[in-house]
Each structure stands twice: as C-alpha cells, then as structure tokens.
There are 2 protein chains.
Amino acid sequence: MHRLISNIQIKVNENIFLKDPSSSNLGQRIISGGLDLTLEIGFEDLTFKKLAKKIDSTEASIYRYFENKHKLLLYLVNWYWVWTEYRLVFSLANITSPKERLIKAVHILTSPVSDEWKLPHMDTVKLNKIVLSESSKVYLTREVDNENKGGVFSAYKRVVGRVSDIITEINPAYKYPHMLISTAIEGAHHQRFFSEHLPRLTDNVDGEDAVVEFYKDMILKAIV
Amino acid sequence: MHRLISNIQIKVNENIFLKDPSSSNLGQRIISGGLDLTLEIGFEDLTFKKLAKKIDSTEASIYRYFENKHKLLLYLVNWYWVWTEYRLVFSLANITSPKERLIKAVHILTSPVSDEWKLPHMDTVKLNKIVLSESSKVYLTREVDNENKGGVFSAYKRVVGRVSDIITEINPAYKYPHMLISTAIEGAHHQRFFSEHLPRLTDNVDGEDAVVEFYKDMILKAIV
DNA sequence: TAAGTTTGTTAGCAATACTATTATATTTAC
DNA sequence: GTAAATATAATAGTATTGCTAACAAACTTA
C-alpha cells in the first residue's frame, strides 16, 4: 500500500551538489550505491574510490557530482528532510484537531520509515537507517555556519518549525517548543542506535515501540 | 571557590590507551594540546602530526600513547564521564529528598561546566566544550560494539543508571527512565550547539539558562 | 554529421595514517 | 656513579586518501 504519488520529485538545495545526481543514470547510481556502501561499511570508511568501484564508475566521475563525501551525506540528509516535510504535510492534511496533528507528527518524526513510504528513485528505508546514525555528523562540523548560510539545513528547520507551531497552537504559553521537537527528533535517532548497540542507555517495553511511545508521552506531558 | 579535593585522580579505562597519558609529561602535553587543538581546528581536522608540532614532539611519540586519534577522543570523553560520575555522587551526598537529588543531577548533566570544577591536570571547561560537539562521534561508529565490550562506555552508562534510579525511586511506575536521561544528556549537548549555530532549532528565554530550565521542566513533568 | 556534453582513463600530487629503525636523552637500579 | 632500562626524538618509508588535470571515448542533441 503506497501512500504517495509515486512521481513526486524531491528538490534538494542546489548548493549541495556540483551536478544534480537525480538528473542522470550515473547520478542515481552514486546515490543508491552510496546508500548501500554506507550501510555496509559505515560513512567514515566510505571513499569515492570504493564507491566508484561498487557502481562501476570512476573516482573522477563521482567528483563531478559532489565536491567530497561530506556533500554526499549532506545531500542524503537534506533529501530526507525535504521528503519528511512532505510526509508531514501530507499526513496532517485535513486533520483539524491540533492534538491529533501533534501526535501524528511525533509519530512521523520518531518511528522507523516503513515500506509504504517508498519512492521509486530512493530507497527511503535504507536512507532512514543512515539518517539515524550519520545525520548528526552533517552539522557537527566546522563548516556548519557556512553551509547554514547556503540554506542546506532549512528543510530540517522548517520541519521543526511546523511541529513547534502545532505546540504553540495547543499551548501558546509553552516556552520551549523548538527545543522540545528538536530534542525528540535527535533523541529518537540516538535511542534507536542505543537500543541496538548500547541498550543500557534505553528502556525496552514489551509489545510497544518504546521510542515512539516515550516521545509521545514526553511531549504531551511537557506542553500542558 | 573549588569544590573538589584537587588531587583526585580520574582513572580512565585501560583499553583506551597504549600508555597512560597521565603518567608522563609528554602524555599530559598530548592531552592538553589535544584539547586546545580540537577547540582550534575541530576534531575532524586534527592529526597527530599537527598535534606533535603543537606540543613540540613527534608523530611517532604520540602513537606510543594512542593507536589513533579516535582513541584520543575516546580517552577525553571517557575521562569526562568518570569525572562527571564523581561530580554527581559528590553533589548528591547527604541530600535525601529524591526530587531534590534529581533536580541537582539534571543540573549537572545539562549545564555548562564552570571554573569551580577545575582540576589541576585537566582543563574541564575546555573538555566540556569538546564533549558538547564531539562526544557523539565517539559511539556513532562501526567500532561501538567492540569498544563497548572493552567497557569504555561504562562510566557513561553508570551516570545514566544512577539518575534513572532516582527517577524510579520517585515514580517506580515510570517506564522510560533511561531514555529520559540519555535524551536529556545528548539533547543538552545538541541544544548548546544549536543555540550557537542553528538557533532556529532552539528557543531563547531572557534571563534564564533555557537549556537547563527546559530539561528540568521536561523531566519533572515526564515522570509524574 | 557536427558540436556539445558526459563519462571513462590515466596520471599525478600533497596529505594522512600509520610503522620501523636507529640515535639520544632520561630515569632507575645497583 | 655507572650500567641498564626506558622514554623520547629523528628520520625514513609505505599504503591509502583526497583530491585535480588532461585527454580520449561515447553518447546526446541540434
């Protein structure tokens, strides 16, 4: 069951790439091979040489699309947030109750991406896995300020802003809506990583997705 | 005003280093130079060659202390958590009210380190700054599971465990104490980074440390 | 079919991430 | 106080990374 019109096009900030990878066969192989290789060996160990080999191309060709591997990750993460904003708006369409909207939004931001959201040119399930463990590396760098000026984080900021607005609608007096939402987003990523690798930092509860339930509970209690 | 006995010794997990840096002059220069250089150029751009130059030593000498720069960061972060556990236990001594204990603990985990906690052989204020932006890189790697087996994250886990225990004392029915605390710790780090670089992801409130207040408020509401 | 564009091929260079060897201090042991 | 042990420095070397450049081949479009 697909929820989305399957020929939607996600428009990634143009400052990220030298040449739009969605515009060519090689570009798409770079992206899908990049997803696979990152999942296989981790982003740290990925090099354009290895990626070139994997997709049967050459280092130099990949460099024509992305300045460096950091930009490739930035592309993936930016794509993710543009797409997540779309999912968010789509999912909240025609729902008027602000509380219901908030709960749906938190669900989208904290639960793993399922197959029903798949798109033809991007394996969103793989992408989501990468975002969990690698996305914070995209902004925790010396280059944040410069990249931020180029607008590469605005999709993420808009997502946080949209959900914060719902909170403000519910309780205009609540002082920390942005902190609450960005805490939940980043936190959910971390918790999913922890539950796999450092379980003493999390809690497991039988029969529920503890991450989603925890953040729903936390947010609803925080804003009253 | 110093709160601590100044000749306390922080014992870092032995799997992290080849040779204990606290045991020699060169070792201590590696650590303090490492702090400075990381703050100057960021951990990504730090190399042992640059660090050697800074402390007037050689690459090969540094390699006798740490296998690679990742281990150096691991050392710093592990040191931080051992020390934070100490601060925590020290600060909660003789306080019996669980709620008061919790509030103090959250304060320690979310506020910036101040001068009063300084120790002779480690610039804890600098260390804290580094932890905010670099510590997650220490576990978001392919090597987590191996390193975790070596016990290098146990100080962090104990800190989370101790504060979770206070929560359980206050409300034994609360299902997510570990998630709540690890969310607050990591979240506070992120929020401090955001407020400097991506302010649209946070909220500023005049006349208060919004990060500390937000997490106190969030936690106290969550556990009732 | 020519011109333009994209990709592949090859080469090369500077920096990184180490390891090894030998020499020179410095510490400690007797 | 000297010998032995140990720590550090100096130098060199290797494989890999992170690029850039130049040209050739293929494929696209006008």
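Each chain gets a letter, A, B and so on, in the order its sequence line appears, and its residues count up from 1.
Across all strands shown, B:F66 has no heavy atoms under 4.0 Å from either base or sugar-phosphate atoms.
A:S24 has no side-chain polar atom (N or O) that falls below the 4.0 Å cut-off from OP1 or OP2 of C:dT6. Applying the 4.0 Å criterion to OP1 and OP2 of C:dT9, one finds that A:T58 has every side-chain N and O outside that range.
Under the 4.0 Å criterion applied to side-chain N and carboxylate O atoms, A:E44 and B:R142 are not assigned as salt-bridge partners.
One interatomic measurement links the two molecules: CZ of A:R64 to P of D:dC27, which rounds to 16 Å at whole-angstrom precision. Per the geometry, NZ belonging to B:K50 stands 9 Å off C1' belonging to C:dT16, to the nearest Å.
Comparing atom distances between the B:S57 side chain and each of C:dA17, C:dT7, D:dA9 picks out D:dA9 as nearest. You'll find that the side chain of A:S61 is closest to C:dG8, out of D:dA7, C:dG8, D:dT11. Of the candidate nucleotides C:dA17, D:dT20, C:dT6, D:dT20 has the atom nearest to the side chain of A:Y63. Nearest to the side chain of B:T47, among D:dA7, C:dG8, C:dA17, sits C:dA17.
When the nearest nucleotides of DNA chain D are assigned to B:E59 and A:D45 by heavy-atom distance, the more 5′-ward of the two goes with B:E59. Between A:N68 and B:Y65, the residue anchored nearer the 5' end of DNA chain D, judged by the nucleotide with its closest heavy atom, is B:Y65.
The aromatic rings of A:Y75 and A:F66 sit perpendicular to each other, their planes meeting at more than 60°, with 30° as the lower class boundary.
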